[in-house]
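In what follows, every chain begins at residue 1, and chains take the letters A, B, ... in the order their sequences are listed.
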Amino acid sequence: MAEPKANEHMEKIVSLCKRRGFVFQSSEIYGGINGFWDYGPLGAELKRNVKDFWWRSMTQKREDVVGLEATIIMHPKIWEASGHTSTFSDPMVDCLLTKKRFRSDQIDPQSGTVYFYSGAKDSTSEKVSSEAYSVLIGNGKHPDHARKIARQFYTTRGVANPELLGERTELIEGTVRYNPGNGSLFTEPRPFNLMFKTYVGPVESEDNVAYLRPETAQAIFVQFKNVLDVARQKLPFGICQIGKAFRNEINPRNFTFRSREFEQMELEFFIKPDETASKSSFPGEPGTEPSWGWEQWHKYWVEERVKWYESIGLSRDVLDFHWQQKSELAHYAKATVDILYKFPFGTQELEGIAARGDYDLTQHQKFSGKSMAVFDEETKERFIPHVIEPSAGVDRLILALICNAYTEEETTDEKGLKETRIVMKLHPRVAPVKVGIFPLLKNKPELVKKAQEVRDLLRAEMPVFYDDAGAIGRRYRRQDEAGTPFGVTIDFDTLGETPDLKDTVTLRDRDSMQQQRMAIGDLVPFLLSKIR
RNA sequence: GCGAGCGUAGCUCAGUCUGGUAGAGCAUCACCUUGCCAAGGUGAACGUCGAGGGUUCGAAUCCCUUCGCUCGCUCCA
């Protein structure tokens, strides 16, 4: 049974997240709030490290990508142009019999005879349902069709042997209130707006409705021209952004995986349309070939992103890839590749890399009336750029890193007793704390003093954690759970008990538990080489 | 949103059926001990039993409502 095991595994991870301060439930003392999560001390550092590393990799280390930080609340027209206002607020209905959900605007109007019932009573017990119900059947069909469906419905309402009450019929035309599949009545249409709504200004009127952005991408598109004007970039080039987005999810699930408030790291990489690109000069610098068409750029970014995940410890064998079929593609996309991680609760998406064509800029040109076209000096052509969009969810990446790092190791101690060592094998680049610093013994002031000197030396360069409480092994194990990749212990040799070893410390590796002797002066360069 | 299960200390859980003023282990803090891989000693702190309401002389326990979590369905432009 794989299922209970996966749950058990996930529960251990959730438990560790709370115990060590990676993730807390938002507003916990008030009972929590569904779909919102906070990061504790270790989680906040981990997330910051991931975002900083992404930002450095995407923009600071590249010539051809610049950054942007836009507001969460933007002009509501943006969401009309992007299609979110219409597709995010469909009225939905549920079939009362099968519970299947439909968009009420996609139901084909039907005609026929409606059989109404006021309720049903059980023929063998006293049980009664007084819930009204009705069934639509095609004209000329036998009434028993309707009665059969109605009896099924009342059975689901707890009436085991329903005897239908108050039957009456009515001819009806062009209704969308009944399930075309089985004739069952739907629930009342309920609006489903996945965007969080608010009002700009003190008056709550329809004129000043605004939305919390459901994705960060649109901000980049609407500022495209401004960035192009100031950034001294030529196509192809990109604009990236890290920021919060909000979706009022129907059903948040799987710990932080699907939250209502989440953070995205997105790049919109603008390229020439294939016709223009094919006339452009070749070759350029690696990663900036101007003559590449969208398919080459798309592949390029998929590969870049996979390499990036590898560089923070998510190797190709824990990732999975899904090239979306034509039928799965969103309305704006020419091609989409999902990068997925094998979570304990299933293989789920971390990032989507979409070739969006010129859909977004064209929409904004249409809705704003402002030209989004650029002029290409080389080919003397004007065109609306096309876009490749690698869009990653930060919070689900953090969860993937945590799941991937969580390791239980069976070890045997000196007495031959089996014990479990829990280690968070986070990549040193993203680990919240880089090094733990320990005096071998607390009750020897010389050791403590020297350890504090080492702490101060290292603290200037990286996050450190100083601990002198309890046995040394216990302190190592505590840092194992926090994911701290290195431990430095100050012992009597550090103080010069063995003259050759004066001013050296033991450096313990979290994953192998191996120790090596290192001069204090070598610590900073060594550690920096591991964490950068 | 529907259905099922669950909610007691920081964590894992016992106690709930059979109502009588709250327990264990681990973790935490202090001191001691500890010469390199946790769980030695002493002491301390920690829960209005998810919340609200009801029944009762008395509710963690029974009833109702609600919030949260998990699973299945649904949803995920």
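For A:R477, the listed nucleotide lying nearest its side chain is B:rC37; candidates were B:rC36, B:rC11, B:rC37.
Contact annotation for A:Q515: base contact, defined as any heavy-atom pair under 4.0 Å involving a base atom. Backbone-only engagement by A:S15 is indicated by non-hydrogen atom pairs under 4.0 Å involving sugar-phosphate atoms exclusively. Using a 4.0 Å heavy-atom criterion, one finds that A:G35 contacts the sugar-phosphate atoms exclusively.
Checked for salt-bridge contact, A:E446 and A:K450 miss the test: no charged N lies under 4.0 Å from a carboxylate O.
Base pairing of B:rG25: its partner is B:rC11, meeting the Watson-Crick or G-U wobble criterion (both donor-acceptor distances under 3.5 Å).
Nucleotides B:rA30 and B:rU70 have their C1' atoms positioned 39 Å apart, rounded to a whole Å. Atom C1' of B:rG15 sits at a distance of 11 Å from the matching atom of B:rA24, rounded to the whole Å.
For residues 493-510 of chain A, proximity to RNA chain B is found at A:E497, A:T506, A:R508, defined as any non-hydrogen atom under 4.0 angstrom from a strand atom.
Residue A:F492 and nucleotide B:rG35 are classified as a stacked aromatic pair, their ring centres being separated by less than 5.5 Å at an interplanar angle below 30°.
Rounded to whole angstrom, the span from the OH atom of A:Y476 across to the P atom of B:rG35 amounts to 14 Å. Across the protein-nucleic acid pair, A:F246 atom CZ and B:rC76 atom C1' stand 18 Å apart, rounded to whole Å. A:D395 has its CG atom 21 Å from the P atom of B:rC76, to the nearest Å. Atoms CD (A:Q218) and P (B:rA77) sit 14 Å apart, rounded to a whole Å. Per the geometry, CG belonging to A:L194 stands 17 Å off P belonging to B:rU74, to the nearest Å. As a whole-Å value, the separation of A:K18 NZ from B:rG7 P is 15 Å. The distance from atom CD of A:E408 to atom P of B:rA38 is 17 Å, rounded to the nearest whole Å. Rounded to a whole Å, the CG atom of A:N254 is 7 Å from the P atom of B:rU70.
Relative ring orientation between A:H298 and A:W294 is described as tilted, the plane-to-plane angle lying within the 30° to 60° band.
Because its NZ or CZ atom is both nearer than 6.0 Å to the ring centre of A:F257 and within 45° of the ring axis, A:R396 counts as a cation-pi partner of that residue.
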- Just by protein heavy atoms under 4.0 Å, how would nucleotides 23-34 of chain B read 5' to 3' in B, S and -? -----S--S-SB
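Residue A:N34 places at least one side-chain N or O closer than 4.0 Å to OP1 or OP2 of B:rC69.
Heavy-atom nearest nucleotides on RNA chain B were determined for A:W37 and for A:E215, and the one closer to the 5' end corresponds to A:W37.
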